[in-house]
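The structure appears below as structure tokens.
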Amino acid sequence: RGELTQQYDGFILADLNGGIPEIDAPAFDYVLALDVIEHLDNPEDFLDQLRRLTAPWPGAKIILTTGNVGFILMRLSLLLGRFEYGRRGILDITHRRLFTFNTLRRAMRAAGFTIELTEGVAPPLPFVFGSGSGLAGMLMALARGLARLWPRLFGFQCLVVARPRPLLATLLARAHEAAEERSIAA
């Protein structure tokens with residue numbers, strides 16, 4: 001926000017399955033929840049708590065990513081009768097919940113977020129083909145284009161940018177303040 005009026009330097013180690021911890025800090029402009037929600041036992045509770053935390057912050061944006069279980073390779077694996085967890089990727093053994101673009105958007109709307117942007121993130125092909133080869137570069141360009149064109153099928157991850165809708169208590173407080181100002185002015 002323009003000038004930094006208060007600086008927050010800190011690290012909080014927390015198990016988010018136990019809830020979002022109290023944060024003694026000023027309002028933030030952005031909250032990043034990158035590859036977090038799929039590891040939680042109850043993502044809906046997390047989203048509800050995240051809204052309650054961020055709704056009072058003017059202009060706060062939430063940037064959230066998670067694997068897309070609707071990714072083309074996942075669909076092809078299912079078609080072939082395979083659904084196997086592994087050490088990394090969309091079916092990482094530590095994932096508790098799986099999402100598609102639609103299920104993630106639905107969960108965020110139900111928790112009180114207004115979605116501003118949804119994008120597909122291309123698969124991490126340099127991990128497969130190496131990062132130095134020309135082939136990897138061409139394949140990444142193709143993967144990015146396909147993820148933009150048809151994110152539900154070619155997006156390896158779902159990326160959502162959202163804003164928390166105001167809480168009822170905030171709306172009532174604003175209405176009360178406005179009424180007091182009108183009565184003082186009258």
Side-chain angles (χ1 to χ4, degrees), residues 1-2 4 11-17 20 28-44 46-47 50-51 54 57 59-164:
R1 298 195 198 306
L4 182 64
F11 178 81
I12 300 170
L13 179 62
D15 178 357
L16 295 176
N17 282 315
I20 296 176
F28 291 98
D29 294 323
Y30 295 94
V31 174
L32 305 178
L34 308 178
D35 298 329
V36 170
I37 195 168
E38 67 271 19
H39 296 275
L40 301 176
D41 294 332
N42 194 332
E44 293 81 9
F46 170 76
L47 290 172
L50 186 60
R51 177 182 173 222
T54 59
W57 299 346
K61 286 189 179 186
I62 310 304
I63 301 173
L64 188 142
T65 62
T66 188
N68 173 23
V69 75
F71 179 59
I72 189 166
L73 293 181
M74 300 306 308
R75 293 176 191 226
L76 291 174
S77 292
L78 282 172
L79 183 66
L80 298 172
R82 298 191 65 180
F83 188 85
E84 298 175 19
Y85 284 91
R87 291 177 30 182
R88 65 171 59 155
I90 296 170
L91 292 180
D92 179 316
I93 195 74
T94 65
H95 291 178
R96 299 289 170 246
R97 292 285 291 278
L98 303 173
F99 293 89
T100 64
F101 279 88
N102 289 340
T103 59
L104 180 59
R105 281 192 296 256
R106 188 171 32 247
M108 292 192 74
R109 284 186 189 115
F113 289 95
T114 300
I115 296 172
E116 294 187 343
L117 174 73
T118 305
E119 287 185 5
V121 177
L125 294 178
F127 284 121
V128 178
F129 297 104
S131 58
S133 73
L135 175 62
M138 290 186 323
L139 288 174
M140 273 308 297
L142 176 63
R144 284 186 190 108
L146 288 171
R148 261 192 309 276
L149 181 67
W150 199 350
R152 290 183 306 167
L153 187 60
F154 294 108
F156 182 74
Q157 285 190 304
C158 311
L159 180 142
V160 175
V161 177
R163 289 189 184 271

With distance as the sole test, does Asp41 use its side chain to make a donor-acceptor pair with the main-chain N or O of Asn17 at under 3.5 Å?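 No, because the side chain of Asp41 does not come within donor-acceptor range (under 3.5 Å) of the backbone of Asn17.
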
Would Leu146 and Leu153 count as a side chain to side chain contact (heavy atoms under 4.5 Å, CB included) if you check the C-alpha gap in whole Å, the side-chain angles of each, and the deciding distance to 0.1 Å? CA-CA 9 Å; Leu146 288 171; Leu153 187 60; over 6 Å; no

About how many Å separate NE2 of His95 and CD1 of Ile37, when rounded to the nearest 0.5 Å?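 Rounded to the nearest 0.5 Å, the CD1-NE2 separation comes out at 12.0 Å.
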
Using distance only, find each side-chain donor-acceptor pair of residues 113-122 under 3.5 Å and give its atom names and separation, not counting sequence neighbours.
from, atom 1, to, atom 2, distance (Å)
Glu116, OE1, Lys61, NZ, 3.4
Glu116, OE2, Arg163, NE, 2.5

Test Tyr85 against Phe83 for ring-ring contact (aromatic ring centres under 6.0 Å, His included), laying out the working first. CA-CA 7 Å; Tyr85 284 91; Phe83 188 85; 5.6 Å; yes

With sequence neighbours left out, what residues match [X] under side chain to side chain contact (heavy atoms under 4.5 Å, CB included)?
X      : answer
Ala14  : Ile12, Pro21
Leu149 : none
Arg82  : Ser77, Glu84

Looking only at non-hydrogen atoms, find the nearest pair between [X] and [Y] and report the distance.
X      : Y      : answer
Pro151 : Phe101 : O-CE1, 3.1 Å
Ala111 : Arg51  : O-CD, 2.8 Å
Asp92  : Arg88  : OD2-CA, 3.9 Å
Pro43  : Arg97  : CD-NH1, 3.2 Å

Is there side-chain contact between Leu47 and Ile62, with heavy atoms separated by less than 4.5 Å?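 When only atoms from C-beta onward are counted, Ile62 and Leu47 do not touch, as no gap falls below 4.5 Å.
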
So among Ile90, Ile72, Leu73, which one has a side-chain contact (heavy atoms from CB on, under 4.5 Å) with Phe156?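 Among Ile90, Ile72, Leu73, the one meeting side-chain contact (heavy atoms from CB on, under 4.5 Å) with Phe156 is Ile90.
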
Enumerate, atom names and distances included, each donor-acceptor pair closer than 3.5 Å involving a side-chain atom of residues 103-110, sequence neighbours excluded.
from, atom 1, to, atom 2, distance (Å)
Thr103, OG1, Thr100, N, 2.8
Thr103, OG1, Thr100, O, 3.2
Thr103, OG1, Thr100, OG1, 3.3
Arg105, NH2, Asn102, OD1, 2.6

All N/O donor-acceptor pairs, side-chain side in residues 64-71, below 3.5 Å, sequence neighbours left out:
from, atom 1, to, atom 2, distance (Å)
Thr65, OG1, Asp35, N, 3.0
Thr65, OG1, Asp35, OD1, 3.4
Thr66, OG1, Glu38, OE1, 2.8
Asn68, OD1, Gly70, N, 2.9
Asn68, ND2, Arg152, O, 3.1
Asn68, ND2, Gly155, O, 2.8

